[in-house]
Amino acid sequence: MAQYWLVKSEPDTYSFDDLVRDGSTVWDGVRNPAAAKHLRTMAVGDEVFFYHSGAKPGVVGRARVTRTAFPDPNDASGRWVAVELAAGKPVKAPVSLADIKAEPALADLAIVRQGRLSVSPVTAAEWKTITAMAQS
DNA sequence: GCCAACGTTGGC
DNA sequence: GCCAACGTTGGC
């Protein structure tokens with residue numbers, strides 16, 4: 001059964017539109033042990049919410065895992081891993097962080113509880129809730 | 001191995 | 001630009 005995740009990116013650095021344009025991308029540069037652990041747990045076919053941090057924080061799109069964890073090509077130490085993500089369905093309506101915080105069903109969402117985590121798990125129920133808020 | 005100081009991230 | 005949260009570093 002597929003798992004669900006949320007990845008965070010500064011749109012100035014790499015936006016969801018960039019992912020749509022590229023089709024797929026290597027998700028590297030994660031340098032946080034907790035986030036890296038989640039990367040290692042990802043399986044091909046897992047579904048991912050794409051979250052923009054910065055001026056307008058929120059969920060803006062979806063992606064799919066197309067390659068499981070492999071050594072981060074930009075890391076000389078060999079300690080860190082990357083995965084490959086392919087663009088998925090955009091959300092119909094972006095779900096802002098304010099919307100997420102206002103929704104009681106999302107009170108336990110990892111990003112609410114620990115804002116700085118760049119890769120975090122999402123439960124099936126949370127995935128459904130956010131999908132409903134995004135009007136699919 | 002503990003803990004204080006410091007740096008970084010991200011929301012506002 | 002500020003501040004809170006959290007991770008990392010370095011002295012002991």
ask   = What pairs with A:S15 under side-chain contact (heavy atoms from CB on, under 4.5 Å), at least two apart in sequence or on another chain?
value = A:P11, A:D17, A:D18, A:H52

inquiry  = Is any side-chain heavy atom of A:Y4 closer than 4.5 Å to one of A:D46?
reply    = no

task = Please step through salt bridge (charged side-chain N to carboxylate O under 4.0 Å, His left out) for the pair A:D72 and A:R31, ending with a clear verdict.
result = CA-CA 10 Å; A:D72 185 330; A:R31 295 291 183 271; 2.8 Å; yes

Of residues 26-33 of chain A, the positions that come close to DNA chain C - non-hydrogen atoms, cut-off under 4.0 Å = A:N32, A:P33

request  = Evaluate the side-chain proximity of A:Q135 to A:V91: yes if any heavy-atom separation is below 4.5 Å, no if none is.
outcome  = no

key: Under-4.0 Å salt bridge between A:D108 and A:R113   = yes

query = Are A:S96 and A:D99 close enough that a side-chain donor and a side-chain acceptor fall under 3.5 Å?
reply = yes

key: Distance, rounded to the nearest Å, where A:W80 contributes CH2 and C:dG7 contributes P   = 11 Å

Between protein and nucleic acid, restricted to nucleotides 8-10 of chain B and to nitrogen or oxygen atoms under 3.5 Å apart, what atom pairs and distances do you find?
{"residue": "B:dT8", "atom": "O2", "partner": "A:R116", "partner atom": "NH1", "Å": "3.3"}
{"residue": "B:dT8", "atom": "O2", "partner": "A:R116", "partner atom": "NH2", "Å": "3.1"}

message = Below 30° counts as parallel, above 60° as perpendicular, anything between as tilted: where do the rings of A:H38 and A:W5 land?
response = tilted

request  = Provide, to the nearest angstrom, the distance between the NZ atom belonging to A:K56 and the P atom belonging to B:dC12.
outcome  = 15 Å

request  = Over all heavy atoms of both residues, which pair between A:L97 and A:Y51 is shortest? Give the atoms and the distance, please.
outcome  = CD2-OH, 3.6 Å

